[in-house]
Participant: 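Submitted below is the structure of interest, expressed as structure tokens.
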Amino acid sequence: MAQQLSRKTIICPHCAHPLHIELDTTQGDQNYYESCPNCCSDIHLNMHIDDYYQKIQLTVDADDEQVF
């Protein structure tokens, strides 16, 4: 499995503020929200752990896109 803690820098999809986050891979794949300390908007994070390639795939979005 990938390393247990991983530090990443992401960009807030709302205000473009850089955020430093820690990803805990001990719980497997995760789907959760963090709040931006700059604009207080929710950021949707979807983490997938690829055991075969020993990589963490992280998707970051605003979760407010509308589909018509």
Side-chain angles (χ1 to χ4, degrees):
M1 179 151 78
Q3 57 189 350
Q4 293 182 354
L5 285 178
S6 179
R7 293 176 191 249
K8 300 287 180 192
T9 300
I10 63 170
I11 302 297
C12 175
H14 300 281
C15 70
H17 182 76
L19 302 159
H20 305 286
I21 61 171
E22 278 193 0
L23 302 173
D24 181 3
T25 61
T26 60
Q27 300 297 317
D29 292 353
Q30 298 176 36
N31 188 24
Y32 62 99
Y33 289 85
E34 296 249 348
S35 292
C36 175
N38 188 54
C39 70
C40 299
S41 296
D42 286 335
I43 303 168
H44 179 227
L45 296 122
N46 187 336
M47 180 178 68
H48 172 69
I49 300 167
D50 187 337
D51 289 327
Y52 184 77
Y53 290 107
Q54 297 289 302
K55 294 190 178 202
I56 300 169
Q57 298 170 348
L58 183 66
T59 304
V60 178
D61 63 55
D63 203 36
D64 64 355
E65 289 85 19
Q66 296 180 5
V67 177
F68 294 96

Participant: Just how far is it from atom CD1 of I10 to atom CD of E34, taken to the nearest 0.5 Å?
Facilitator: 7.0 Å
Participant: Looking at Y53, I want to see if its OH is surrounded by more than 12 non-hydrogen atoms of other residues, nucleotides or ligands under 6.0 Å.
Facilitator: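 Open.
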Participant: Looking at every non-hydrogen atom in both residues, tell me the closest pair between L19 and P37 and how far apart they are.
Facilitator: CD2-CD, 3.0 Å
Participant: Where is the tightest heavy-atom contact between P13 and A62, given as atom of each residue plus distance?
Facilitator: CG-N, 3.6 Å
Participant: Measure the shortest side-chain to side-chain distance between H17 and I11 over non-hydrogen atoms and say whether it is less than 4.5 angstrom.
Facilitator: no
Participant: How long is the straight-line distance from OG1 of T59 back to CE of M47, given to the nearest 0.5 Å?
Facilitator: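 Here the rounded value is 11.0 Å.
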Participant: Would you say the side chain of C12 lies within less than 4.5 Å of the side chain of C39, judging by non-hydrogen atoms?
Facilitator: yes
Participant: Could you pull out the closest heavy-atom pair between H20 and T9, with the gap in Å?
Facilitator: ND1-OG1, 3.0 Å
Participant: For the residue pair V60 and L45, what are the closest heavy atoms and their distance?
Facilitator: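 V60 and L45 have their closest heavy atoms at CG2-CD2, 3.9 Å.
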Participant: Without hydrogens or angle criteria, can the side chains of H44 and N31 be said to hold a donor-acceptor pair below 3.5 Å?
Facilitator: yes
Participant: Any side-chain heavy atom of S41 within less than 4.5 Å of one from C15?
Facilitator: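 The answer is no, as the side chains (C-beta and beyond) never meet within the 4.5 Å cut-off.
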Participant: NZ/K55 to NE2/H48 distance, rounded to the nearest 0.5 angstrom?
Facilitator: 12.5 Å
Participant: Is there a side-chain contact between L58 and I21 (heavy atoms, below 4.5 Å)?
Facilitator: yes
Participant: Is there a donor-acceptor pair closer than 3.5 Å between any side-chain N or O of H14 and the backbone N or O of D42?
Facilitator: yes
Participant: So, do K8 and L23 sit near enough that their side-chain heavy atoms are less than 4.5 Å apart?
Facilitator: yes
